[in-house]
Asks: 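One structure, pasted below without further comment.
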Amino acid sequence: MTRAWSALTGHPAAVAPLLLGAVLTHRTADGAVGVRITEVEAYGGVGEDPGSHAFRGRTPRTEVMFGPPGRLYVYFTYGMHWCANVVCGPPGSASAVLLRAGEVVEGRDLAAARRPTARRDGDLARGPARLTAGLGVTGDHNGIHLDDPTGDLWLDLDESRTGVVRQDVVRSGPRVGVSGPGGDAATFPWRFWLDGDPTVSVYRAAAPRRRTARTAPSRGQSLP
DNA sequence: GCTGCGATTGACT
DNA sequence: GTCAATCGCAGCT
């Protein structure tokens, strides 16, 4: 079958695997970087998926998720990282697919310049925040349409250009880093990746709770 | 208005 | 293997 935007409107867990192999291209004055998607995660809508930002309803941040499919939802996390999602549900459903990792297929040098800490080409877009960094995607791109081949950001779904993904290499499993109320969200097998691809991110189970980073000023601290 | 913490990464032991 | 960085959002007072 041929991937098309019309086929990418539906339940995120059904849409997510269809995005594997698609190529997201970002064009800037510096040049273009293209990333072939190798790993994704599905996030459901209001009241359905505790791991989703939209679980508790519409907020200013999640506004884009509630809009029409085919747009990019970009959010800021950990005070320094951007993560990119493709909105896939019909308006109001707030479903999206997180782009977790990919392979740089165009503009390797530009991507490497944006990711100076990457040691290998395979690390240029391995991980959700690395993928956005390599592409040069930030919050400025939140809400942008991805279905315009002439736009700054374009998600190419045409298998005659991106290559056909063999379904027997598509794997699924628990999502990464998700620990919603009750922890149930992490158990949804809504993570999809291309088996054996070196750009797929390392699986780490969601940490229950990291030790408080900030050590409170010790009460018994001695003064000089 | 205040506070806790996160769909992460890179540096360090 | 452990842990800090860093800030906007969401929930609560």
Side-chain angles (χ1 to χ4, degrees), chain A residues 12-13 15-17 19-20 24 35 37-66 71-89 94-102 111-120 122-143 172-193 199-217:
Chain A
V15 171
L19 291 176
L20 294 173
L24 180 61
V35 170
I37 306 303
T38 59
E39 182 184 357
V40 295
E41 275 178 10
Y43 284 87
V46 179
E48 177 194 19
D49 176 8
S52 171
H53 288 171
F55 178 66
R56 296 174 197 282
R58 199 171 192 141
T59 68
R61 177 171 65 149
T62 59
E63 186 66 28
V64 171
M65 290 182 77
F66 286 80
R71 294 208 211 176
L72 196 67
Y73 165 53
V74 185
Y75 68 88
F76 191 58
T77 190
Y78 287 92
M80 63 191 95
H81 300 304
W82 296 101
C83 295
N85 303 248
V86 176
V87 178
C88 64
S95 300
V97 176
L98 170 69
L99 306 180
R100 283 201 58 88
R114 289 170 174 155
R115 294 261 306 110
T117 59
R119 304 197 146 186
R120 301 172 303 156
D123 290 340
L124 290 173
R126 188 176 69 144
R130 292 166 170 174
L131 183 145
T132 57
L135 278 170
V137 166
T138 69
D140 291 342
H141 301 97
N142 190 37
S172 66
R175 291 179 297 186
V176 178
V178 176
S179 57
D184 291 343
T187 67
F188 291 146
W190 285 359
R191 172 178 172 248
F192 301 87
W193 69 94
T199 64
V200 171
S201 65
V202 182
Y203 174 74
R204 285 192 234 179
R209 177 93 44 101
R210 196 178 292 101
R211 187 167 296 140
T212 48
R214 218 171 278 111
T215 50

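Below, read A as the first sequence line, B as the second, and so on, with proteins coming before strands; counting in each chain starts at 1.
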Asks: Which stems, defined as runs of 3 or more consecutive Watson-Crick or G-U wobble pairs with both pairing distances under 3.5 Å, involve DNA chain B?
Replies: B:1-6 with C:7-12, B:8-12 with C:1-5

Asks: Nearest heavy-atom pair of A/R115 and A/A133: which atoms, and what distance?
Replies: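 Scanning both residues, the minimum pair turns out to be CD-CB, 3.6 Å.
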
Asks: A/H141: what forms a ring-ring contact (aromatic ring centres under 6.0 Å, His included) with it, not counting sequence neighbours?
Replies: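 For A/H141 the ring-ring contact (aromatic ring centres under 6.0 Å, His included) partners, ignoring immediate neighbours, are A/H26.
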
Asks: How many Å lie between CG on A/L124 and P on B/dT9, as a whole number?
Replies: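 The distance from CG of A/L124 to P of B/dT9 comes to 13 Å, rounded to the nearest Å.
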
Asks: Any donor-acceptor pair under 3.5 Å linking the side chain of A/E39 with the backbone of A/T199?
Replies: no

Asks: Considering only heavy atoms, which members of residues 133-141 of chain A lie under 4.0 Å from some atom of DNA chain C?
Replies: none

Asks: Can you list everything that forms a ring-ring contact (aromatic ring centres under 6.0 Å, His included) with A/F66? Sequence neighbours excluded, please.
Replies: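 In terms of ring-ring contact (aromatic ring centres under 6.0 Å, His included), with neighbours along the sequence ignored, A/F66 is linked to no residue.
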
Asks: Could you tell me how far apart A/W82 (CH2) and C/dA5 (P) are, to the nearest whole angstrom?
Replies: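 Roughly 21 Å, once rounded to whole Å.
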
Asks: Which pair of non-hydrogen atoms, one from A/G57 and one from A/T62, has the smallest distance, and what is that distance?
Replies: O-OG1, 3.7 Å

Asks: Do A/F192 and A/L20 have side-chain heavy atoms sitting under 4.5 Å apart?
Replies: yes

Asks: A/R119 near the nucleic acid: base, sugar-phosphate alone, or nothing, with a heavy-atom cut-off under 4.0 Å?
Replies: nothing

Asks: Relative to the ring of A/Y75, is the ring of A/H53 parallel (under 30°), tilted (30 to 60°) or perpendicular (over 60°)?
Replies: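 Plane angle over 60°, so perpendicular.
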
Asks: Should A/T117 be listed as having a side-chain N or O under 4.0 Å from OP1 or OP2 of B/dG10?
Replies: yes

Asks: Taking only the side-chain nitrogens and oxygens of A/R100, find out if one of them lies under 4.0 Å from OP1 or OP2 of B/dT8.
Replies: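 Checking B/dT8 against A/R100, a side-chain N or O does come within under 4.0 Å of OP1 or OP2.
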
Asks: Would you say a side-chain N or O of A/R130 is under 4.0 Å from OP1 or OP2 of B/dG10?
Replies: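 Indeed, a polar side-chain atom of A/R130 lies that close.
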
Asks: Quickly work out the A/E39 CD to B/dT8 P distance and round it to whole Å.
Replies: 10 Å

Asks: Provide, to the nearest angstrom, the distance between the CZ atom belonging to A/F55 and the P atom belonging to B/dC5.
Replies: 19 Å

Asks: Between B/dG10, B/dT8, B/dA7, spot the one nearest the side chain of A/Y78, thanks.
Replies: B/dT8

Asks: Could you report the tightest heavy-atom contact between A/A118 and A/L124, atom names first, then the distance?
Replies: CB-CD2, 3.8 Å

Asks: Under the rule for salt bridge (Lys or Arg N to Asp or Glu O under 4.0 Å), what residues qualify as partners of A/R58, not counting sequence neighbours?
Replies: A/E63

Asks: Between protein and nucleic acid, restricted to nucleotides 8-10 of chain C and to nitrogen or oxygen atoms under 3.5 Å apart, what atom pairs and distances do you find?
Replies:
residue, atom, partner, partner atom, Å
C/dC9, O3', A/R61, NE, 3.2
C/dA10, OP1, A/T59, OG1, 2.7
C/dA10, OP1, A/R61, NE, 3.4
C/dA10, OP2, A/T59, OG1, 3.4

Asks: For A/H81 and B/dG10, what is the distance between atoms NE2 and P respectively, to the nearest whole Å?
Replies: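 After rounding, the reported distance stands at 7 Å.
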
Asks: Take A/E41 and A/R175 through the test salt bridge (charged side-chain N to carboxylate O under 4.0 Å, His left out) and record every step on the way to the result.
Replies: CA-CA 7 Å; A/E41 275 178 10; A/R175 291 179 297 186; 5.2 Å; no

Asks: Hey, does the side chain of A/S52 reach the backbone of A/G44 with a donor-acceptor pair shorter than 3.5 angstrom?
Replies: yes

Asks: Roughly how many Å is it from CZ in A/R115 to P in B/dT8, rounded to a whole number?
Replies: 14 Å

